[in-house]
Amino acid sequence: MARTVYPVHNPVSLEQSAPEFNQGLDQERTELALAHLGLADGMAHRYWNAGSDWCDIQQVARLGLLKAAIRFRMDTESNFVAFAVPTICGEIKRYLRDHGWTVRPPRRVQELRQELRLTTPELAQQLGREPTLAELAGALAVGTRDIEEALLSESSVRPQSLDATGPADDGSALCERLGSDDDDFARVDERVSLNCALRGLTPWERRLLSLRFQEEMKQQDIADLLNISQMQVSRALTTLLAKLRRRLDGN
């Protein structure tokens, strides 16, 4: 049987790829696998930007090649490449599905994302431009919502670091632009209730409260300013605060 020898991208021995398979490989099957290492590396190269390390994908592809070499019937005239490609491809896809995600989406989203990676460049070449969502959906016979979900899943493979530079031109990191807890939010209800309680107060009462609690003046200073006694200020504040407390309790 004539065999095509494929170029090897990175010459790593079969023992390094999967030493546990050595017992299942006789000399002929070993030579068969060695002759097709380039095939495994070429298929791994198609997935090099799928979110996992290239060396890991390469080793998985070679593992699939070894499995194919062990299962292949040497006494037939079948084409080994046609037999090995589905096995190698299946091993890579299974690895990416199980180990290539930081946050794992549903399997259908993973598979559609991979189909998009292969279909988008081909469609762009045919159209001479980037395909639209509708065109991608038509090519893959799915809905545009499915395409959007698959595209958004890219961030689940390797989420962007919070220390990475954000979209702003000032060079600040994303973590520096995130919102934080605002204590004023917890006081919104109190402010609303207090505004309701303050309605109906006379201008003199409002001024008295402002002098005491906003400007933080002492009662004697308020008395001198309003030309009344300190005792009158104290009694007016006590009466006014009691009135406000009743209104707040009523709300």
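Hydrogens, waters and symmetry mates play no part in the numbers below; they use all other heavy atoms, side chains included.
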Visitor: Working note: Asp56 + Tyr95, criterion side chain to side chain contact (heavy atoms under 4.5 Å, CB included); need CA distance, chi angles, decisive distance, verdict.
Guide: CA-CA 9 Å; Asp56 291 338; Tyr95 172 80; 3.4 Å; yes
Visitor: Please tell me if the side chains of Glu149 and Val142 come closer than 4.5 Å, counting only heavy atoms from C-beta onward.
Guide: no
Visitor: To the nearest 0.5 Å, how far apart are CE in Met217 and CG in Leu226?
Guide: 8.0 Å
Visitor: Could you check Leu140 against Asp146 for side chain to side chain contact (heavy atoms under 4.5 Å, CB included), going step by step and ending with a plain yes or no?
Guide: CA-CA 10 Å; Leu140 296 174; Asp146 296 325; over 6 Å; no
Visitor: If we ignore hydrogens and angles and just use 3.5 Å, is the side chain of Arg247 paired with the main-chain N or O of Arg199 as donor and acceptor?
Guide: yes
Visitor: Using modelled atom types only, decide if a donor and an acceptor are shared between the side chain of Ser210 and the backbone of Arg206 within a distance under 3.5 Å.
Guide: no
Visitor: Could you report the tightest heavy-atom contact between Ala150 and Val109, atom names first, then the distance?
Guide: CA-CG1, 4.0 Å
Visitor: Between atom CD1 of Ile222 and atom CG of Leu237, what is the distance when rounded to the nearest 0.5 Å?
Guide: 6.0 Å
Visitor: Could you tell me if Gln230 and Gln220 have a donor-acceptor pair between their side chains, going purely by distance under 3.5 Å?
Guide: no
Visitor: Please confirm whether the backbone N or O of Arg46 pairs with a side-chain atom of Arg117, one donor and one acceptor, at under 3.5 Å?
Guide: yes
Visitor: Could you tell me if the side chain of Phe83 sits less than 4.5 Å from the side chain of Arg73, heavy atoms only?
Guide: no
Visitor: Just how far is it from atom CZ of Arg191 to atom CG of Leu198, taken to the nearest 0.5 Å?
Guide: 12.0 Å
Visitor: Looking at side-chain heavy atoms only, is the closest gap between Met43 and Leu65 below 4.5 Å?
Guide: no
Visitor: Applying salt bridge (charged side-chain N to carboxylate O under 4.0 Å, His left out), name anything that partners Glu111, two or more places apart in sequence or on another chain.
Guide: Arg107
Visitor: In Å, rounded to the nearest 0.5 Å, how long is the span from CZ of Arg62 to CD of Gln58?
Guide: 4.0 Å
Visitor: What's the shortest heavy-atom distance between Leu112 and Ile147, and which atoms?
Guide: CD2-N, 4.2 Å
Visitor: Verify the neighbour count for atom CD of Gln125: are there more than 12 heavy atoms of other residues, nucleotides or ligands below 6.0 Å?
Guide: no
Visitor: Which heavy atom of Leu39 sits nearest a heavy atom of Ala84, and at what distance?
Guide: CD2-CB, 4.4 Å
Visitor: For Glu122 and Gln126, test the side chains for any donor-to-acceptor distance below 3.5 angstrom and give the result as yes or no.
Guide: no
Visitor: Between Ile92 and Ala61, what is the shortest heavy-atom contact and its length?
Guide: CD1-CB, 3.8 Å
Visitor: Atom CG in Leu123, atom CG in Leu118: separation rounded to 0.5 Å?
Guide: 12.5 Å
Visitor: Quick one: closest heavy-atom pair of Phe72 and Leu32, and the distance?
Guide: CD2-CD2, 3.9 Å
Visitor: Where do Val233 and Arg212 land on the side chain to side chain contact (heavy atoms under 4.5 Å, CB included) test, with the steps shown first?
Guide: CA-CA 10 Å; Val233 171; Arg212 181 67 184 93; over 6 Å; no
Visitor: Provide the closest heavy-atom pair for Leu248 versus Ala197 in the form atom of the first, atom of the second, distance.
Guide: CD2-CB, 3.9 Å
Visitor: Let me confirm one number: the NE2-CD1 distance from His45 to Ile57, rounded to the nearest 0.5 Å.
Guide: 11.0 Å
